[in-house]
Amino acid sequence: MSWPARRDEARLAAAMLTRLPVGRIAAAPPLARAAWAFPLVGLLPGLAGWAVFAALGGPVGAWAACLAGVLVTGGLHHDGLADFADGMGGGRDRAHVLEIMRDSRIGSYGVLALVLAVGLVAASVGAAEPGPWPFLFVGVASRLAMLAAMVAMPPARADGMGRLGAGARGIWPGAVLATALAAVTGPVALAMAVAAAAAALVLARLAARRIGGQTGDVLGAVQQGAEIAAWVTFATLAG
């Protein structure tokens, strides 16, 4: 695969997972071929979060760092988490869960999930006062967990992001980058990775049991669950 093709795939991944301008892609590749770059895109909200936190510091900086991440991604994964929580919390059966998750309105489970998600991350960042490497590691590792769920789980419906699929070989670029970032983050990164993987596995198994696979909302919830677990672990061990 040529460098221009890989570059366009990475740009397409950034266009899909962020609100940042990537320019016009003359011959856009299929989105499934860009999935390998999803973990790499995690560098962007990670860098934005660290820059804001470094500038402000303290509790205000921690909340502002969360806001920076939301602005970069457009709240894409948070939206998935909210829909996932509403569906899993309020759905009677598979069809009803999928129907709720597709509804653009947010319910009480979704609101509570968002409050807890943002609050836990902000509290963890404010308590631990991390440097740039944990921000980048969490950004990449949480999206690597999302990609792994996409690879390992069948799509739960015939349309939407979950149907894209991704080859197992596409995991390697993100895995290599996450490993490099873990090395510079320090020994605590291993515990963060274990916690992130455990949270992602719990959410993935819940989705498999309730709806038989993954959707875009499931993937968003997996990313958020991995991110929260990693930050709480970092704050507990390094704060």
> Would you mind telling me which of L71, V72, L20 makes a side-chain contact (heavy atoms from CB on, under 4.5 Å) with P45?
V72
> Give the minimum heavy-atom separation between V138 and A230, together with the two atoms involved.
CG2-CB, 4.0 Å
> Within the 4.5 Å heavy-atom criterion, are L40 and V140 side-chain neighbours or not?
no
> Strictly under 6.0 Å, is that where the ring centroids of W231 and F135 end up?
yes
> Search all heavy atoms of A207 against all heavy atoms of M153 and return the closest pair with its distance.
CB-CE, 4.1 Å
> Taking all atoms of both residues into account, what is the closest heavy-atom pair of I171 and L147, and its distance?
CA-CD2, 4.0 Å
> Please round to the nearest 0.5 Å and tell me the distance separating atom CG of L177 and atom CG of L43.
5.0 Å
> Taking the side chain as every heavy atom from C-beta outward, state whether M146 and L17 have any atom pair closer than 4.5 Å.
yes
> Is there a continuous path of hydrophobic side-chain contacts, each under 4.5 Å between heavy atoms, that joins L201 to F84?
no
> Please report the C-alpha distance between T73 and L44 in whole Å, then the side-chain angles of each, then the deciding distance to 0.1 Å, and finally whether the side chain to side chain contact (heavy atoms under 4.5 Å, CB included) criterion is met.
CA-CA 9 Å; T73 63; L44 301 175; over 6 Å; no
> CG/L190 to OG1/T185 distance, rounded to the nearest 0.5 angstrom?
11.5 Å
> Atom CD of E227 and atom OG of S124: how far apart are they, to the nearest 0.5 Å?
10.5 Å
> Applying a strict under-4.5 Å side-chain criterion to I, L, V, M, F, W and Y, I'd like to know whether L116 and V118 cluster together.
no
> Would you name the heavy atoms of P154 and G212 that are closest together and state the gap between them?
CG-O, 3.6 Å
> Output yes when a side-chain donor or acceptor of R210 lies under 3.5 Å from a complementary backbone atom of G91, and no otherwise.
yes
> Hey, mind stepping through Q224 and D79 against side chain to side chain contact (heavy atoms under 4.5 Å, CB included) and telling me if it holds?
CA-CA 10 Å; Q224 281 291 289; D79 180 70; over 6 Å; no
> If you measure from CG on L144 to OG1 on T179, what distance do you get to the nearest 0.5 Å?
8.5 Å
> Determine, using the 4.5 Å side-chain heavy-atom cutoff (strictly less than), whether L47 and L181 are members of one ILVMFWY cluster.
yes
> Is there a path of hydrophobic side-chain contacts, each under 4.5 Å between heavy atoms of I/L/V/M/F/W/Y residues, joining V188 to F53?
yes
> Flag the pair F137 / V184 as yes when at least one side-chain heavy-atom distance between them is below 4.5 Å, and no otherwise.
no
> Kindly give the heavy-atom pair with the smallest separation between W63 and G119, and that separation in Å.
CH2-CA, 3.8 Å
> Closer than 3.5 angstrom, by distance alone: can the side chain of R143 be matched with the main-chain N or O of F38 as a donor-acceptor pair?
no
> Does some side-chain heavy atom of F234 sit less than 4.5 Å from a side-chain heavy atom of V125?
no
> When you look at CZ of R7, are more than 12 heavy atoms from neighbouring residues, nucleotides or ligands closer to it than 6.0 Å?
yes
> I need the minimum non-hydrogen distance between P130 and W50, along with the two atoms involved.
O-CD1, 4.4 Å
> Is there a side chain to side chain contact (heavy atoms under 4.5 Å, CB included) between M101 and V218? Walk through the geometry before answering.
CA-CA 9 Å; M101 289 169 64; V218 172; 3.9 Å; yes
> Taking the side chain from D86 and the backbone from I106, do they hold a donor-acceptor pair closer than 3.5 Å?
no
> Hey, what do you get for CG (L76) to CE (M16), rounding to the nearest 0.5 Å?
6.5 Å
> To the nearest 0.5 Å, what is the distance between CG (L219) and CD (Q214)?
4.5 Å
> Honestly curious: do L81 and Y109 fall in one hydrophobic cluster under the side-chain, below-4.5 Å linking rule?
no
> As a quick check of understanding, evaluate side chain to side chain contact (heavy atoms under 4.5 Å, CB included) for V97 and R94, giving each step before the final call.
CA-CA 5 Å; V97 171; R94 180 181 184 276; 5.8 Å; no
